[in-house]
Amino acid sequence: MIHRKLYQKASDLLQLFPVITITGPRQSGKTTLVRSLPFDLPYITLEDPDIRGLALEDPRGFLANYPKGAILDEVQQVPQLFSYIQGIVDTNSTKFILSGSQNFQLIERIGQSLAGRTAILKLLPFSLEELKPNYKINNFYDFIFKGSYPRIYD
């Protein structure tokens, strides 16, 4: 796995905030990053239709399954969770890591419900600095043509 510069920042910020939110374009490595963070939290993807259905039907009951917090991936699928997460983190020391594809509605909803409770980080595809230790980049134009999305370098 290629080390992401955002890894340490996300780890540090979860010590300061009850919630961290990682956004960015699809396929930029958000899921890989959140699953690699050094916190013992269950991983739940809201892309799964059954899990998403449970969260939509009963957000409070869904979150009650994770009393110590969770990693909620593709959280933009169930924006109703934000208000419930706000109530949970305001009353105990629960931690949540949220990730989702960047869209303006997601950021707006998080800003309204979790203001002051979450650090928002934006993960972009690999930077040259992240790739250099692992891949030899001979020609800048080849790099521009190839791009920097993680799947290309798997």
Side-chain angles (χ1 to χ4, degrees), residues 1-131 134 147-154:
M1 183 171 96
I2 295 174
H3 179 73
R4 301 304 306 259
K5 291 183 65 91
L6 211 56
Y7 175 90
Q8 191 60 51
K9 183 107 176 146
S11 297
D12 293 346
L13 286 170
L14 198 57
Q15 302 297 331
L16 301 172
F17 290 88
V19 181
I20 60 168
T21 303
I22 299 176
T23 67
R26 293 185 79 57
Q27 300 296 314
S28 61
K30 296 179 299 295
T31 298
T32 302
L33 176 64
V34 298
R35 292 189 84 165
S36 72
L37 289 171
F39 300 99
D40 189 23
L41 296 172
Y43 171 82
I44 299 95
T45 178
L46 295 166
E47 278 284 296
D48 181 305
D50 295 330
I51 294 172
R52 183 173 56 244
L54 292 171
L56 286 166
E57 184 178 308
D58 182 13
R60 185 186 317 271
F62 173 77
L63 290 171
N65 291 315
Y66 310 103
K68 294 183 180 178
I71 298 168
L72 300 176
D73 200 3
E74 298 298 341
V75 72
Q76 78 277 2
Q77 300 280 347
V78 189
Q80 297 88 330
L81 292 174
F82 300 141
S83 294
Y84 292 98
I85 291 171
Q86 173 189 348
I88 291 168
V89 300
D90 283 352
T91 58
N92 59 49
S93 61
T94 305
K95 298 283 188 177
F96 285 94
I97 300 172
L98 311 177
S99 71
S101 297
Q102 183 180 355
N103 68 45
F104 295 115
Q105 288 179 336
L106 171 65
I107 299 298
E108 182 180 329
R109 299 276 312 250
I110 288 172
Q112 290 170 359
S113 297
L114 297 173
R117 297 167 185 88
T118 187
I120 300 174
L121 302 170
K122 183 176 180 181
L123 183 68
L124 296 174
F126 291 130
S127 68
L128 283 173
E129 188 175 337
E130 290 170 328
L131 286 175
N134 301 294
S148 60
Y149 278 88
R151 184 154 302 202
I152 295 168
Y153 296 93
D154 278 348

Is the shortest side-chain heavy-atom distance between [X] and [Y] below 4.5 Å?
X      : Y     : answer
Leu33  : Leu6  : yes
Leu124 : Ser28 : no
Ile22  : Val34 : yes
Leu72  : Leu63 : yes
Ser101 : Pro25 : no
Leu37  : Ile71 : no

What pairs with Tyr7 under ring-ring contact (aromatic ring centres under 6.0 Å, His included), at least two apart in sequence or on another chain?
His3

Give a yes or no on whether the backbone of Leu14 and the side-chain of Lys95 come within a donor-acceptor separation of less than 3.5 Å.
yes

Ignoring hydrogens and angles, tell me if any N or O in the side chain of Lys30 forms a donor-acceptor pair with the backbone of Gly24 under 3.5 Å.
yes

Output all residues satisfying side-chain contact (heavy atoms from CB on, under 4.5 Å) with [X], sequence neighbours left out; order by chain, then residue number.
X      : answer
Pro18  : Val89, Arg117
Asn92  : Ile88, Thr94
Ala119 : Leu13, Phe17, Ile20
Asp40  : none

For Lys68, which residues count as a salt bridge (Lys or Arg N to Asp or Glu O under 4.0 Å) partner, sequence neighbours excluded?
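With neighbours one apart ignored, the set is empty.
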
In plain terms, say whether Glu130 and Arg4 are close enough for a salt bridge, that is, a side-chain N and a carboxylate O under 4.0 Å apart.
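Looking at Arg4 together with Glu130, the answer is yes, because their closest N to O distance falls below 4.0 Å.
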
Ignoring hydrogens, what is the shortest heavy-atom contact between Leu114 and Phe82? Give both atom names and the distance.
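Taking Leu114 first and Phe82 second, the nearest heavy atoms are CD2-O, 3.7 Å.
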
Heavy atoms of Gln76 and Gly100 approach each other most closely as OE1-CA, 3.1 Å

Could you go through Thr23 and Leu123, starting from their C-alpha distance and side-chain angles, then the distance that decides it, and tell me whether this counts as side chain to side chain contact (heavy atoms under 4.5 Å, CB included)?
CA-CA 6 Å; Thr23 67; Leu123 183 68; over 6 Å; no

Using the salt bridge (Lys or Arg N to Asp or Glu O under 4.0 Å) rule, collect all pairs that involve residues 70-87, keeping only residues at least two apart or in two chains.
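Sorted result for residues 70-87: Arg26-Glu74.
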
With [X] via side chain to side chain donor-acceptor pair (under 3.5 Å) - residues at least two apart:
X      : value
Thr118 : Thr21
Asp48  : none
Lys9   : none

Between side-chain atoms of residues 49-62 and protein atoms elsewhere (two or more places apart, or another chain), which donor-acceptor pairs fall under 3.5 Å?
{"from": "Arg52", "atom 1": "NH1", "to": "Leu46", "atom 2": "O", "distance (Å)": "3.0"}
{"from": "Arg52", "atom 1": "NH1", "to": "Glu47", "atom 2": "O", "distance (Å)": "3.2"}
{"from": "Asp58", "atom 1": "OD1", "to": "Gly61", "atom 2": "N", "distance (Å)": "3.1"}

Sequence neighbours excluded - ring pair (Phe, Tyr, Trp, His ring centres under 6.0 Å) pairs with any residue from residues 18-60
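Checked against ring pair (Phe, Tyr, Trp, His ring centres under 6.0 Å) - neighbours excluded - no pair reaches residues 18-60.
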
